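These figures come from a predicted structure and were not determined experimentally. When a residue number appears, it is its place in the shown sequence, counting from 1.
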Amino acid sequence: MDVAGVPCALARTSVSEVLPLPDLHLPPAGGGPLAGFLNLGGTPVPVVDLARLLGLRTDAARGAAEDAYRHILLDAPRGTGFLVDRVEDLITVEDAALRPIVAECTLNGCVVAEIARADGLVHVLGMSRLLTAEEQARLSALADAAAERLSALTAA
């Protein structure tokens with residue numbers, strides 16, 4: 001996948017679904033890397049802009065033409081989505097092509113390995129290590145508040 005021009009990858013088992021970018025609802029209390037909430041069958045799922053989370057992009061504004069290629073990756077429990085610039089391919093990687101990374105070399109140990117390719121290195125991200133415990137707790141609280149607001153509305 002492409003994250004602000006940086007080639008990255010995730011283990012297939014850590015992703016439940018790849019979705020095209022829908023309209024997201026961003027509450028006033030959001031901000032930071034929170035791109036908004038995805039309504040997934042009536043359940044608000046927080047969506048984190050992975051480029052902003054990793055410090056690869058600081059601007060929140062993007063052109064509509066660029067949005068057409070963006071994707072949301074739902075984590076395996078389907079509790080958090082991660083916004084990326086583009087999912088490019090699903091590949092099988094030989095063990096010999098993987099290079100381990102020392103966890104202390106990255107924030108929260110979020111880069112778990114690198115894939116050596118002819119055109120350069122691809123960073124393998126650990127889905128469970130992308131958010132710190134505090135970030136997860138804050139997103140969960142925001143999702144709970146969004147769910148409470150949604151349940152307070154009667155169905156038409």
Side-chain angles (χ1 to χ4, degrees), residues 1-62 64 66-67 69-88 90 93 98-115 121-155:
M1 64 189 171
D2 178 307
V3 180
V6 177
C8 296
L10 287 164
R12 172 63 188 102
T13 56
S14 68
V15 177
S16 67
E17 201 168 350
V18 176
L19 303 169
L21 181 61
D23 288 330
L24 299 174
H25 167 69
L26 182 60
L34 180 64
F37 286 93
L38 166 68
N39 184 342
L40 190 62
T43 301
V45 175
V47 176
V48 175
D49 185 328
L50 195 52
R52 289 194 326 219
L53 179 71
L54 298 176
L56 299 173
R57 180 182 302 119
T58 56
D59 65 316
R62 295 187 57 91
E66 292 175 301
D67 286 345
Y69 299 105
R70 300 185 89 192
H71 294 98
I72 294 174
L73 303 173
L74 285 178
D75 65 0
R78 299 174 62 89
T80 306
F82 291 90
L83 180 61
V84 299
D85 292 323
R86 182 182 304 220
V87 173
E88 296 177 353
L90 178 64
V93 178
L98 286 173
R99 296 181 181 172
I101 297 292
V102 177
E104 293 79 27
C105 291
T106 64
L107 179 63
N108 208 38
C110 68
V111 178
V112 295
E114 291 177 327
I115 301 170
L121 295 175
V122 176
H123 304 288
V124 180
L125 305 175
M127 181 73 86
S128 65
R129 296 179 179 178
L130 289 174
L131 298 170
T132 64
E134 184 174 348
E135 289 168 332
Q136 290 172 352
R138 289 183 182 197
L139 283 176
S140 180
L142 287 171
D144 290 346
E148 189 175 314
R149 273 194 324 273
L150 190 58
S151 69
L153 298 172
T154 57

Could you report the tightest heavy-atom contact between [X] and [Y], atom names first, then the distance?
{"X": "Val45", "Y": "Gly81", "result": "CG1-N, 3.9 Å"}
{"X": "Ile115", "Y": "Leu98", "result": "CG1-CD2, 3.7 Å"}
{"X": "Cys110", "Y": "Leu54", "result": "SG-CD2, 4.1 Å"}
{"X": "Leu90", "Y": "Arg12", "result": "CD1-CD, 3.8 Å"}
{"X": "Pro46", "Y": "Gly79", "result": "CD-O, 3.3 Å"}
{"X": "Val3", "Y": "Asp85", "result": "C-OD2, 3.6 Å"}

Please check this pair: side chain of [X] against backbone of [Y], looking for a donor-acceptor N/O pair closer than 3.5 Å.
{"X": "Arg52", "Y": "Leu34", "answer": "yes"}
{"X": "Asn108", "Y": "Leu130", "answer": "no"}
{"X": "Asp49", "Y": "Ala35", "answer": "no"}

May I have the step-by-step check of side chain to side chain contact (heavy atoms under 4.5 Å, CB included) for Leu83 and Val48, ending in yes or no? CA-CA 6 Å; Leu83 180 61; Val48 175; over 6 Å; no
Report yes if some heavy atom in the side chain of [X] is under 4.5 Å from a heavy atom in the side chain of [Y]; otherwise report no.
{"X": "Leu53", "Y": "Leu131", "answer": "yes"}
{"X": "Leu50", "Y": "Cys8", "answer": "no"}
{"X": "Thr43", "Y": "Arg78", "answer": "no"}
{"X": "Leu24", "Y": "Ile72", "answer": "yes"}
{"X": "His25", "Y": "Asn39", "answer": "no"}
{"X": "Val15", "Y": "Asp75", "answer": "no"}
{"X": "Leu10", "Y": "Met1", "answer": "yes"}

With respect to Leu74, which candidate in Leu38, Thr80, Val47 satisfies the side-chain contact (heavy atoms from CB on, under 4.5 Å) definition?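 Per the side-chain contact (heavy atoms from CB on, under 4.5 Å) rule, the option paired with Leu74 is Leu38, out of Leu38, Thr80, Val47.
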Name the one of Glu134, Glu135, Gln136 that satisfies side-chain hydrogen bond (donor to acceptor under 3.5 Å, both in side chains) with Arg138?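 Output: one option passes, namely Glu134.
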Quick one: pull up OG in Ser14 and CZ in Arg129 and give me the separation to the nearest 0.5 Å.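 The distance works out to 12.0 Å.
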Could you grab the distance from atom CG of Leu121 to atom CZ of Arg99, nearest 0.5 Å is fine?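 So the CG of Leu121 and the CZ of Arg99 are separated by 5.5 Å.
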